[in-house]
Amino acid sequence: MKNKLRYVLLSLFVIQAGLASAQFTMGFKGGVNLSQLTMGNFLTTRYDANGNPYLNYNGQEVRDNLQESFDSKTGWSGGVYMRFGKGFFVQPEVLVSTKGGHFDIQRNHGDVPDVARIEYKFSSIDVPVLFGLKGGPFRINAGPMASFRIGDNQNVREAIRYYTTSPTAMSEAILGYQLGAGLDIFGLSIDVRKEGSFSNLNSFQVNTGGSTTTVKQKLKSWQITVGIRII
């Protein structure tokens with residue numbers, strides 16, 4: 001939590017320092033997020049409601065596959081941005097976003113397994129602080145981002161309750177980054193960015209056959225936005 005507080009204080013310092021700059025612009029922006037949940041693949045034991053290994057018809061423990069999916073989920077993003085500077089600039093933003101992803105569980109009930117797709121969606125307040133260079137209408141920028149979760153659909157907790165005896169650790173705040181390029185034309189700011197996370201979105205322990213493994217879920221996204229300058 002201390003690291004998150006330092007990030008917020010640093011963001012406020014950057015904004016305050018930028019107010020002294022001769023070049024200042026501000027506007028509203030909005031667009032879409034194309035996000036993907038990453039976690040790897042794990043073969044793990046299924047447990048019953050009493051916490052005992054679930055046994056198949058042949059008396060052996062049922063072992064299911066948790067599998068990451070390469071499909072992306074579409075969400076949205078919107079908020080305000082400020083830009084301080086001209087050639088070199090600093091651009092803090094405050095955005096409300098929805099993101100998410102998918103992962104699959106291959107369940108081995110009998111001779112023929114079936115696959116259940118788990119859809120995960122959450123909303124957050126994102127605070128990126130980007131540093132960039134601008135030449136003419138073109139920009140490149142990159143910087144850190146703090147993301148604060150404000151809601152989720154609980155599907156992850158429900159889906160993994162048969163595979164772990166430990167509670168799911170769902171991070172309320174995530175540290176990540178954004179990098180990309182943009183175009184300013186006719187009062188509009190068009191941006192395409194890649195977004196990644198340094199910290200885990202979710203983490204939980206599963207039994208992988210005599211040992212315990214921590215499954216770490218992270219998120220990576222592409223963001224496409226259009227901004228309207230008001231100052």
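Numbers here are sequence positions counted from 1.
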- Query: Heavy atoms, side chains only, cut-off 4.5 Å: are Asn41 and Glu68 in contact?
  - Reply: yes
- May I ask you to decide if Asp126's main-chain N or O and Ser124's side chain share a donor-acceptor pair within less than 3.5 Å? no
- Scanning both residues in full, the closest heavy-atom pair of Tyr120 with Lys73 reads O-CD, 3.7 Å
- Just by modelled atom types, is the Leu130 backbone N or O under 3.5 Å from a matching donor or acceptor in the Gln91 side chain? no
- Got a second to check how far Phe70's CZ is from His102's NE2, nearest 0.5 Å? 13.5 Å
- Item | Side-chain (Ser35) to main-chain (Gly101) donor-acceptor, under 3.5 angstrom | no
- Value rounded to 0.5 Å, distance of CD in Gln217 from CD1 in Ile160: 7.5 Å
- When rounded to the nearest 0.5 angstrom, what distance separates CG in Leu175 from CZ in Phe198? 8.0 Å
- Taking the six-membered ring for Trp, are Phe24 and Phe84 ring centroids under 6.0 Å apart? yes
- Query: Is a side-chain N or O of Thr44 found less than 3.5 angstrom from the main chain of Asn207, in a donor-acceptor match?
  - Reply: yes
- Query: Are any non-hydrogen side-chain atoms of Thr225 and Arg193 less than 4.5 angstrom apart?
  - Reply: no
- Query: How far apart are the closest heavy atoms of Asn200 and Ile174, and which atoms are they?
  - Reply: O-CG1, 4.3 Å
- After noting the C-alpha distance and the side-chain angles of Thr74 and Leu34, does the key distance pass the side chain to side chain contact (heavy atoms under 4.5 Å, CB included) rule? CA-CA 5 Å; Thr74 302; Leu34 301 173; 3.4 Å; yes
- How close do Asn33 and Ser77 get, heavy atom to heavy atom, and via which atoms? ND2-CB, 3.6 Å
- Taking every heavy atom of Phe89 against every heavy atom of Ile140, the minimum-distance pair comes out as CZ-O, 4.0 Å
- Message: Does any part of the side chain of Leu55, heavy atoms only, come nearer than 4.5 Å to the side chain of Glu61, both counted from C-beta?
- Response: yes
- Check: Thr164 side chain, Val206 main-chain N or O, donor-acceptor pair, under 3.5 Å: no
- Query: Is Asp48 reaching over with its side chain to a backbone N or O of Asn50, donor-acceptor style, under 3.5 angstrom?
  - Reply: yes
- Note on the structure: When rounded to the nearest 0.5 Å, the distance separating CD1 of Ile190 from CD1 of Ile185 is 7.0 Å
- Residue pair Arg83 / Ser189, side-chain heavy-atom distance below 4.5 Å: yes
- Query: So Arg149 and Leu201, side chain to side chain contact (heavy atoms under 4.5 Å, CB included) or not? Walk me through it.
  - Reply: CA-CA 10 Å; Arg149 188 201 307 260; Leu201 183 65; 3.8 Å; yes
- Message: Parallel, tilted or perpendicular: which one describes the rings of Phe131 and Phe88, with boundaries at 30° and 60°?
- Response: parallel
- Among all residues two or more places apart in sequence or in another chain, which pass the salt bridge (Lys or Arg N to Asp or Glu O under 4.0 Å) test with Lys220? none
- Query: Passes side chain to side chain contact (heavy atoms under 4.5 Å, CB included), Arg107 versus Val115? Steps please.
  - Reply: CA-CA 6 Å; Arg107 295 171 176 162; Val115 177; over 6 Å; no
- Would you call Asp184-Arg229 a salt bridge at under 4.0 Å N-O? no
- Query: If you measure from CZ on Phe148 to OG on Ser97, what distance do you get to the nearest 0.5 Å?
  - Reply: 12.5 Å
- Message: For a 4.5 angstrom cut-off between non-hydrogen side-chain atoms, does Lys29 reach Leu95?
- Response: yes
- Quick one: does Arg63's side chain have a donor or acceptor within less than 3.5 Å of a partner on Thr208's backbone? yes
